[in-house]
Amino acid sequence: MKKWLWLITASIVLIGIFSVMELGPKFFGKTYLETSEFREEYRNYINRLVVLELDPPKAETEYIVTAAEIEEYRTRYGTLAQQVQNIQDQYNPDIEEARGNDNGSLVEILTEERNQKINAIRENFADDETVREKIQEEKQRAVQVAINGLKNEEGDFNSRFPYFVYDLTNTETGENFTKGDLSSRPYFEKKYTEAVPLRSGNDELYYTNYNQTEMMVPASDAEFTGTVQIDRALLAASDRGANIMGHLYTQNTLYILGALAIAGAVLLLTKLRFERNALLKTPLYSKWTEWPLEVKFGLLALTLLFALPFGLANTLSMMEHVYYGSLGTFFWNTVSSLVLNAVFLSLLILQGIWVLFYYKETKTLAEDFRNSYLQRMLLQARYAFLKKSVGVQMLVLLIVVFFWGIGTALLYVVPEAIIIWIGASLFIGLPSLLLMISRFGYLNILMDRTEAIAAGSLNEQIPVRGKSPIAQHAIQLNRLKEGVRQSMSEQAKSERLKTELITNVSHDLRTPLTSIITYTDLMKTPDLSNEDRLAYAEILDRKSQRLKTLIEDLFEVSKMASGNMELHRQRVDFTQLLTQAFAEHAEDISSSGLDFRISTPEQPVYIMADGQKWWRVLDNLILNAIKYALPGTRVFVNLKETDGQAEFIMKNVTRFELGENTDELFERFKRGDVARQTEGSGLGLAIAQSIVDLHGGTMKIEVDGDLFKVTVALPNS
């Protein structure tokens with residue numbers, strides 16, 4: 001409770017200080033008669049009194065006519081020749097028409113009028129005195145117009161100042177002027193003597209522009225002695241009396257506010273000292289700290305507006321200038337306004353304290369700014385020109401809409417501009433608007449098709465219209481859609497190959513394992529002869545070696561696929577390595593019934609490779625040809641250097657039909673022998689492919705009918 005009392009007291013102190021500082025110099029120790037408003041009112045009254053009642057201007061006054069005015073009067077409508085020609089052009093058509101109608105009397109009248117005007121023009125150019133008299137007449141008529149206007153103001157003058165009474169005498173003529181009865185106890189009184197007479201304070205009295213005659217009626221120079229008073233009874237019965245009472249009420253209100261400010265300041269310095277923690281540990285403060293930066297400062301600005309410009313300043317203005325009704329009405333309006341000001345000022349002080357202490361460290365303000373909506377909008381605004389054409393189009397549209405709106409508003413001021421507005425709307429506004437609408441429509445199509453892609457519809461093509469950034473986006477979406485479709489196709493293929501891999505591994509491992517289990521059980525027969533035991537042992541050895549080879553090949557290809565294989569590169573003669581590999585398999589080749597045709601260059605072909613691993617590539621390819629080439633056919637082997645690469649090619653006629661999808665031959669446990677009746681592990685080509693990839697080379701397979709061709713290329717050293 002104490003903290004809220006501190007806030008209210010602080011706001012009352014501030015209201016009192018502001019009020020006294022703003023209005024104190026005008027109201028403290030001053031009656032209404034000492035204010036600048038009354039001095040201005042009295043000066044205006046005296047000036048109007050002189051001109052309207054004491055010494056009104058007279059139209060019979062002679063005015064000076066200068067040579068410049070005479071020349072301007074003559075040439076106001078052109079030179080002599082031009083003015084005469086204008087008169088003739090004005091009357092001659094009517095005269096000719098009257099002659100054509102045989103109307104002699106009308107011809108005579110028009111001719112006489114024409115000649116009179118022409119003679120008058122000629123007199124103006126012939127005699128200065130004639131022109132001077134005409135100008136004098138115009139000036140007197142203009143002054144009479146001014147005097148008539150002043151007479152029309154007399155009623156308003158008497159109704160505005162009904163409370164003034166006077167008894168004055170013209171010091172020159174002795175003429176006496178009175179209004180009302182002078183009082184012994186007037187509200188205001190001023191005496192004028194011959195030493196300090198009453199006179200008009202105007203330099204010029206009244207402006208007139210009658211008949212293009214611009215002039216000022218000179219002010220009166222008469223002087224008066226006597227007394228001017230404000231009668232108390234007449235003042236109380238007028239509207240001005242209420243204003244004078246309002247001055248007194250405002251003065252007393254300021255005294256009260258000043259006393260409250262002093263008392264509040266004493267309380268703040270003694271009993272109600274500022275306690276920061278009491279204001280910072282409220283539940284409302286905890287919620288306030290969680291609000292976005294814009295909300296905090298927006299509420300602070302809104303409270304500031306209601307507390308000062310729209311609040312306190314408005315109240316002070318009301319106290320200073322406006323007073324209507326009774327004392328009770330004035331008191332109620334003032335008190336209610338000041339209470340609202342105190343509430344808003346308390347909220348302003350509270351928020352100011354929160355802002356001051358919460359953002360005492362700049363890093364807190366920086367953190368709140370980074371999390372603010374403004375920062376997010378600024379960050380997003382940076383991307384408006386990420387595609388310059390999109391940003392420019394947006395900017396152009398905003399400019400067009402802005403000026404279109406301004407042009408529409410200007411039609412109420414300048415309706416004639418509708419022609420320009422219609423042209424600009426037809427050729428600039430509407431085309432820009434339709435262009436943007438079409439772009440948004442195209443964008444909606446892209447959004448709809450993107451949603452269809454997300455739902456799995458990958459067959460329908462997204463339309464590409466034009467070369468705009470939206471069209472480029474459509475192209476990218478089509479590419480993305482195609483990539484997704486290919487990815488799904490690859491995924492389906494991968495799943496199929498994975499299933500085949502599991503099936504093939506299971507089959508290839510189970511076959512020798514089954515034989516091992518079977519012959520192991522047979523060897524446990526008690527009466528088994530030595531010959532059968534040796535035969536069974538040989539079969540077990542062969543199947544075990546087969547199983548060992550499968551497991552070692554599987555382990556090796558897995559290591560290569562994971563990248564854990566280390567290479568020991570050195571400069572190797574590819575030709576010599578190829579010769580040794582074929583020498584190792586000479587016996588298998590001779591028993592295979594195949595005719596190997598080997599072609600190598602005469603000079604060595606050097607490569608940077610791991611000799612042992614590269615030998616494994618050649619070994620696997622040779623064994624692949626022996627196992628899967630059609631017996632009785634030729635196998636062509638060619639080694640050559642091409643464009644800085646060592647290229648090894650092997651071609652043979654296949655024993656089994658391979659089909660068209662040769663890429664699957666590189667998959668693990670994939671064989672050309674679909675029935676899996678041969679002794680191959682199905683890992684040969686996969687191992688060879690992995691070793692070539694590790695060396696940075698390429699290996700590709702081509703099938704043309706039954707012709708099988710494998711090409712291995714590696715940069716030579």
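Model, not experiment: these values are computed from the prediction.
Scanning all heavy atoms of the two residues, the minimum distance from G611 to L577 falls at O-CD2, 4.1 Å. Contact between A537 and M523 at its shortest, heavy atoms only, is N-SD, 4.2 Å. Between P604 and D573, the shortest heavy-atom contact is CB-OD2, 3.5 Å. For the pair L279 and L350, the tightest heavy-atom approach, listed with the atom from each and the gap, is CD2-CD1, 3.9 Å. Summarising the geometry of S544 relative to I516, their closest heavy-atom pair is OG-CD1, 3.7 Å, with the distance given to 0.1 Å.
Qualifying side chain to side chain donor-acceptor pair (under 3.5 Å) partners for K296, counting only residues two or more places apart in sequence or in other chains: Y359, D368. Under the rule for a ring-ring contact (aromatic ring centres under 6.0 Å, His included), the partners of F574 that lie at least two apart in sequence or sit in another chain are W614. Scored by the side chain to side chain donor-acceptor pair (under 3.5 Å) test, W404 finds S425 as partners (sequence neighbours excluded). Residues passing the salt bridge (Lys or Arg N to Asp or Glu O under 4.0 Å) test with E538: none are found, sequence neighbours excluded. With sequence neighbours excluded, the residues satisfying ring-ring contact (aromatic ring centres under 6.0 Å, His included) with W354 are Y285, W288. Checked against side-chain contact (heavy atoms from CB on, under 4.5 Å), A471 has the following partners two or more places apart in sequence or in another chain: Y442, V464, S468.
For the residue pair Q645/N716, the side-chain donor-acceptor check at 3.5 Å is not satisfied. Judged purely by distance below 3.5 Å, without hydrogens or angles, the side chains of D693 and S690 never pair a donor atom with an acceptor atom. Side-chain N/O atoms of Q351 and T303 include a donor and acceptor closer than 3.5 Å.
Note that NZ of K627 and OG of S592 are 12.5 Å apart. Values are rounded to the nearest 0.5 Å. Going from atom OG of S372 over to atom CZ of F297 covers 10.5 Å, rounded to the nearest 0.5 Å. In this structure, CG on L293 lies 11.5 Å from CD on E367, to the nearest 0.5 angstrom. Note that the CG atom of L299 and the CD atom of E294 stand 11.5 Å from one another [nearest 0.5 Å]. How far OH of Y358 is from CG of L280: 12.0 Å, rounded to the nearest 0.5 Å. To the nearest 0.5 Å, atoms OG1 (T575) and OH (Y606) are separated by 8.5 Å.
Put simply, the side chain of I422 reaches to within 4.5 Å of the side chain of L426, judged on heavy atoms. Residues N652 and T633 have side chains not in contact (no heavy-atom distance under 4.5 Å, counting atoms from C-beta outward). Under the 4.5 Å side-chain criterion, counting only non-hydrogen atoms from C-beta, K613 is in contact with L567. A 4.5 Å side-chain heavy-atom check between V635 and D595 finds every atom pair outside the cut-off. Proximity of I607 to P715: side-chain heavy atoms (C-beta onward) are nowhere separated by under 4.5 Å. Two residues are said to be in side-chain contact when any heavy atoms from C-beta on lie closer than 4.5 Å; L522 and L528 fail this criterion. Counting heavy atoms from C-beta outward, D619 and H585 have side chains that approach closer than 4.5 Å. Using a 4.5 Å heavy-atom threshold, the side chains of E647 and L714 count as separate.
Heavy atoms of other residues, nucleotides or ligands lying less than 6.0 angstrom from CG of D643 number 12 at most. Counting heavy atoms of neighbouring residues, nucleotides and ligands inside a 6.0 Å radius, atom CZ of R634 does not exceed 12 of them. In this structure, Y519 places its OH atom where only 12 or fewer heavy-atom neighbours from other residues, nucleotides or ligands lie under 6.0 Å away. Counting non-hydrogen atoms of neighbouring residues, nucleotides and ligands closer than 6.0 angstrom, the CZ atom of F596 exceeds 12 such neighbours. D521 CG: more than 12 foreign heavy atoms inside a 6.0 Å radius. Within 6.0 Å of CZ on F403 lie no more than 12 heavy atoms contributed by other residues, nucleotides or ligands. Surrounding CD1 of I598 are more than 12 heavy atoms belonging to other residues, nucleotides or ligands, all under 6.0 Å away. Residue-environment remark: CD (Q545) exceeds the threshold of 12 foreign heavy atoms within 6.0 Å.
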Does the pair L540 and T520 meet the rule for a side-chain contact (heavy atoms from CB on, under 4.5 Å), with working shown?
CA-CA 8 Å; L540 285 173; T520 300; 3.7 Å; yes

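By the 6.0 Å and 45° rule, R655 does not stack over the aromatic ring of Y628.
Formation of a donor-acceptor pair under 3.5 Å by the T600 side chain with backbone atoms of L639 is not found in this model.
Using a 4.0 Å cut-off between charged side-chain N and carboxylate O, K287 and E290 make no salt bridge.
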